[in-house]
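The next block holds one structure in the form of structure tokens; read it before the comments.
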Amino acid sequence: MKPRKIKDNIYWMGSVDWDRRLFDSLISLPDGTSYNAYLIKGSEKTVLIDTVDPSMVDELLTQLENVSKLDYVVSLHAEQDHSGSIPLILSLYPDAKLISSPMAKGLLMEFLHIPEESFITVSDGETISLGDKTLKFIYTPWVHWPETMVAYLEEDKILFSCDFFGSHIATTNLFVSDEARVYEAAKRYYAEIMMPFRTIIKKNLEKLAALEMAIIAPSHGPVYPRPAFILDAHKDWIEGPSKNLVVLPYISMHNSTKQMVDFLVSSLVEKGIAVEQFNLTVTDIGKLAMALVDAGTIVIGTPTVLAGPHPNAANAAFLTNALRPKARFLSIIGSYGWGGKTVEILTGMLSNLKAEVIEPVLVKGLPSESDFKALENLAETIATKHKEDGLI
Ligand code: FEO
């Protein structure tokens, strides 16, 4: 694709990666992604903000064919999907200086072997003049690594936010045209890489609140012509109350745990509680992560196998613990044959959660009438807790 004009002398560059289905060899990308770079031509200086994943650098090079001089390349974030092509760009524009935070400088030198003399480091709040335009750099740690910063083009009120506010969508739309679709993709993105750091990200949001923003230009997905849309969404995900929702990842080997799941779901729904259940043999983990953003309660369903939780359930617990959702309550259900330490292992794996553990229901073999009664009590307890917390 050719460079696309955002405003006079401000262009989107980069690549739309329609085919990529996995990020960091971990995160599923059902809708592909894009790597957005931005070219700003000031009256005196020209700057390229970020680059693209090295696998797609040829497209960026074609877009730069008519750009005879770059004064600065900015690296807002050292992860290679944005920085990986910087060495090649610097080799083509040997007079360009690389602007980064001091922490990013260290990472870029280590990850990409960029020589120290290429860098100009900027402090939090520092500005650089491009002549008739001014770029201000604002540190925003943990969106998505500790070194990350954003750049604010003061005269045009454009925030270049890199991973912050991104969405993994491959699209030919330069600007967001379907907010509902982007909301879904941005929520998945937030859940998978930002949610663990939401306390710090809340501070970043507060820091940016002072800026007047006409446009937010992230490094993944389309550009936001209505920043309030994505700012409000992040506020809700980060600090909004949990929802009246039970998220229930589960796996069953011989249908006993499945019967328990079915009974519990039915009982919760009867009590006015929404449930999202995820069979871990077929689940898109990104969908589970998105549901965890809103969960009031998490219940993990697992049989006991090899004296502990099923490995798929352990994987879901590990992910949940790493993502640190704001869920208020947690429980475990499942069936065992002759013993094991399923509850101890799983609760130990979920120690990052600030959630109250509601008495688990573990049953021997196929659930009996008394076991269903225990599940009914669990549903009742969850309903009571949700009412006490104002979720119902
Ligand atoms: Fe899009 Fe953290 O890289």
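One-based numbering, in listed order, for ligands and for the atoms of each. As the structure is a prediction and not an experimental result, all values here were calculated from the model.
Atom 2 (Fe) of ligand 1 has an N, O or S atom of His144 closer than 2.8 Å. Among the backbone and side-chain atoms of His82, an N/O/S atom is found under 2.8 Å from atom 1 (Fe) of ligand 1. Distances from atom 2 (Fe) of ligand 1 show that Asp81 has no N/O/S atom below 2.8 Å.
Our summary of the site lists the angle at atom 1 (Fe) of ligand 1 between OD1 of Asp163 and NE2 of His220 as 90°, to the nearest 10 degrees. When rounded to 10 degrees, the angle formed at atom 2 (Fe) of ligand 1 by OE1 (Glu79) and NE2 (His77) equals 100°.
Checked by atom type, the side-chain pair His220/Asp163 shows a donor-acceptor distance below 3.5 Å. Donor-acceptor pairing under 3.5 Å is lacking for the side chains of Thr134 and Thr127.
None of Lys326, Lys187, Arg328 except one satisfies the salt bridge (charged side-chain N to carboxylate O under 4.0 Å, His left out) rule with Asp294; the exception is Lys187.
Nearest heavy atoms, Leu208 versus Leu159: CD1-CD2, 4.0 Å.
Side-chain contact between Leu205 and Phe164 is present, with at least one heavy-atom pair separated by less than 4.5 Å.
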